[in-house]
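Quantities reported herein were computed from a predicted structural model and do not represent experimental measurements.
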Amino acid sequence: DIQMTQSPSSVSASVGDRVTITCRASQGISTWLAWYQQKPGKAPKLLIYAASSLQSGVPSRFSGSGSGTDFTLTISSLQPEDFATYYCQQANSFPFTFGPGTKVDIK
Amino acid sequence: EVQLVESGGGLIQPGGSLRLSCAASGFSVSNNYMNWVRQAPGKGLEWVSVIYSGGTTYYADSVKGRFTISRDSSKNTLYLQMNSLRAEDTAVYYCARRGDGGRSIDYWGQGTLVTVSS
């Protein structure tokens, strides 16, 4: 199975800050990577697919990059509604494993 | 509008069985790749199973041989039959549709809680 790691596990940031989250796959997954945002008690929401494609309706302050084993999610200017947990997921091969999550909270 | 509504969760004893349902609207379950994803209390997301439009199925190792994914096109509903349940199967179970982009999940249900405990 492909193992996914994320760093940091949590980050404290202020509104307006630039936040970068890293996701690493244990083997190459091309660009078969998605990023999701999850708020407490809610279902996850798709932000980025195919490593760098912005899902329709998602604000442009979210961006993704990377290929192979190393990927990043960047929030260019953190907004109050962005405080949440973020997960990456590989879709290269089954099982489609998720990363452990990165919690973004208020500094 | 795409909607996914799960049902069937509840409290079940270890070793028991439960069937989850996911009623879909706004699209055809049979023409899409449909997933189950779960989340244990306070933990991260775990992909559980997928059924392709052609009927091929895949499972996480943790549930293989115990869980079965299926669908009913006449009811536009996805199912997850869960047998030989264990305490570690306790989680919120989400029904989720794979979108057109990058094999990602573009729509999720609200989830249904399964608690396995004596």
What closest approach, in Å, do [X] and [Y] show between heavy atoms, and which atom pair accounts for it?
X	Y	value
Tyr87(A)	Gly44(B)	OH-CA, 3.6 Å
Pro44(A)	Trp108(B)	O-CD1, 3.2 Å
Leu46(A)	Ile105(B)	CB-O, 3.4 Å

Check whether [X] and [Y] end up in the same hydrophobic cluster, where Ile, Leu, Val, Met, Phe, Trp and Tyr are linked by side-chain heavy atoms less than 4.5 Å apart.
X	Y	answer
Leu45(B)	Val50(B)	yes
Val92(B)	Leu78(B)	no
Ile2(A)	Trp47(B)	no
Val11(A)	Phe71(A)	yes
Leu73(A)	Phe83(A)	yes

For [X], which atoms come within 4.5 Å of any heavy atom of chain A: side chain, backbone, both, or neither?
X	result
Asp61(B)	side chain
Val37(B)	side chain
Val48(B)	neither
Glu46(B)	backbone

Discussion item. Does anything in residues 31-40 of chain A reach chain B? List residues with heavy atoms under 4.5 Å apart, or say none.
Written reply: Trp32(A), Ala34(A), Tyr36(A), Gln38(A)
Discussion item. Strictly less than 4.5 Å between heavy atoms, which residues of residues 96-107 of chain A line up against chain B? Please order them by number.
Written reply: Phe96(A), Phe98(A)
Discussion item. Taking salt bridge (charged side-chain N to carboxylate O under 4.0 Å, His left out) as the definition, give me every residue that meets it alongside Arg66(B), ordered by chain and number, with sequence neighbours left out.
Written reply: Asp89(B)
Response to the item:
Sorted by chain and number, sequence neighbours left out, salt bridge (charged side-chain N to carboxylate O under 4.0 Å, His left out) with Arg71(B) holds for none
